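Let me begin by presenting the structure, written as C-alpha cells, before commenting on it.
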Amino acid sequence: MEGPLSAAKETGSRLRGSRCADCAVATYPADPACPRCGGPAEPVVLSAVGTLWTWTVQRYAPKSPPYIPPAAGFTPFTVGYVELPEGVRVLAVLDIRPEKAEIGMPLTIAAGDGVPRAVRAAV
C-alpha cells in the first residue's frame with residue numbers, strides 16, 4: 001500500500017486513504033485493516049473538497065524533531081480538521097487567515113510537504 005501522502009500521477013496531490021471491503025468505513029491515513037471490524041481495507045483516493053469541522057491557531061512551535069523551525073523563526077499558523085464526504089476528518093494546515101475561518105466552510109484539501117494543507121474552496 002502506498003503512503004498516505006503519496007500522490008499518484010492520475011490523482012495529483014489528492015490524499016490517499018483506505019476503505020474497508022466488509023463494512024465500507026473509510027480511514028486516513030491508509031491502513032491495510034479496518035479500525036472498526038478488522039476486515040481488509042483497499043486503497044482509495046479521497047475527495048478533494050470537504051468542510052471545516054473545527055480549527056485553532058498554533059501559537060507555539062511544535063516539538064523538534066520532527067518540526068524544523070525556519071531560519072526566520074516560528075510564525076503562528078491556522079490548523080483544523082477537514083471533514084470529507086467519506087466521513088473521514090483530516091488534520092490539516094489551513095492556508096487561510098484565522099479571522100476568515102468559519103466552521104462548515106468548504107475547503108479544498110491536498111497532500112502538502114509532510115502534512116495535508118487546505119484552502120478555501122471555490123463555490
Side-chain angles (χ1 to χ4, degrees):
M1 185 173 288
E2 294 183 44
L5 298 180
S6 64
K9 288 179 184 171
E10 70 275 8
T11 62
S13 61
R14 299 264 301 273
L15 297 178
R16 300 173 70 83
S18 57
R19 181 176 304 282
C20 178
D22 295 333
C23 71
V25 163
T27 60
Y28 177 84
D31 195 313
C34 175
R36 179 184 289 164
C37 72
E42 298 295 324
V44 294
V45 176
L46 298 172
S47 299
V49 177
T51 57
L52 183 58
W53 187 73
T54 194
W55 64 275
T56 191
V57 176
Q58 178 78 26
R59 298 191 189 279
Y60 57 91
K63 289 181 80 172
S64 184
Y67 177 75
I68 300 170
F74 175 76
T75 302
F77 57 92
T78 311
V79 63
Y81 280 96
V82 179
E83 187 168 38
L84 301 178
E86 294 87 353
V88 177
R89 293 182 187 139
V90 178
L91 182 64
V93 171
L94 306 179
D95 292 327
I96 56 175
R97 297 181 54 81
E99 61 271 13
K100 299 289 185 182
E102 295 178 28
I103 291 174
M105 70 186 291
L107 296 171
T108 299
I109 189 167
D113 186 18
V115 297
R117 298 188 79 89
V119 297
R120 183 180 293 270
V123 276

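All values below come from the heavy atoms of this structure, side chains included, with hydrogens, waters and symmetry mates left out. Bear in mind the structure is a predicted one, so any value in this text is a computation, not a measurement.
Ion pairing between a basic and an acidic side chain is recognised when a charged N comes within 4.0 Å of a carboxylate O; Glu83 and Arg89 show such pairing.
Pairing each heavy atom of Pro116 with each of Tyr28, the nearest pair is CG-OH, 3.5 Å. The shortest heavy-atom contact between Cys34 and Cys23 is SG-SG, 3.6 Å. The two residues Gly39 and Asp22 make their nearest non-hydrogen contact at CA-OD2, 3.5 Å. In this structure, Ser47 and Leu84 approach most closely via the heavy-atom pair O-CD2, 3.8 Å. Nearest approach of Ala92 to Ile109, heavy atoms of both residues: CB-CD1, 3.9 Å. Residue Arg120 comes nearest to Lys100 through the heavy atom pair NH2-O, 3.1 Å, listed as atom of the first residue, atom of the second, then distance.
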Would you tabulate the side-chain donor-acceptor contacts of residues 48-56 under 3.5 Å, counting partners in other chains and residues two or more places apart, or write 'none'?
none

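In the hydrophobic clustering of this structure, Val119 does not group with Val82; members are Ile, Leu, Val, Met, Phe, Trp, Tyr whose side-chain heavy atoms approach within less than 4.5 Å, directly or through other members. The same ILVMFWY cluster, assembled from side-chain heavy atoms under 4.5 Å apart, contains both Val88 and Met105.
Looking at Arg117, its side chain never comes within 3.5 Å of a backbone N or O of Ala110 through a donor-acceptor pair. Side chain of Ser18 to backbone of Pro32: no donor-acceptor contact under 3.5 angstrom is found. The main-chain N or O of Ala21 is never found under 3.5 Å from a side-chain atom of Glu42 such that the two would form a donor-acceptor pair.
Of the inter-residue distances, the one linking Thr75 atom OG1 with Arg59 atom CZ reads 12.5 Å to the nearest 0.5 angstrom. To the nearest 0.5 angstrom, Leu107 atom CG is 10.0 Å from Asp95 atom CG.
At a threshold of 4.5 Å between non-hydrogen side-chain atoms, the residues Tyr60 and Pro62 do not count as touching.
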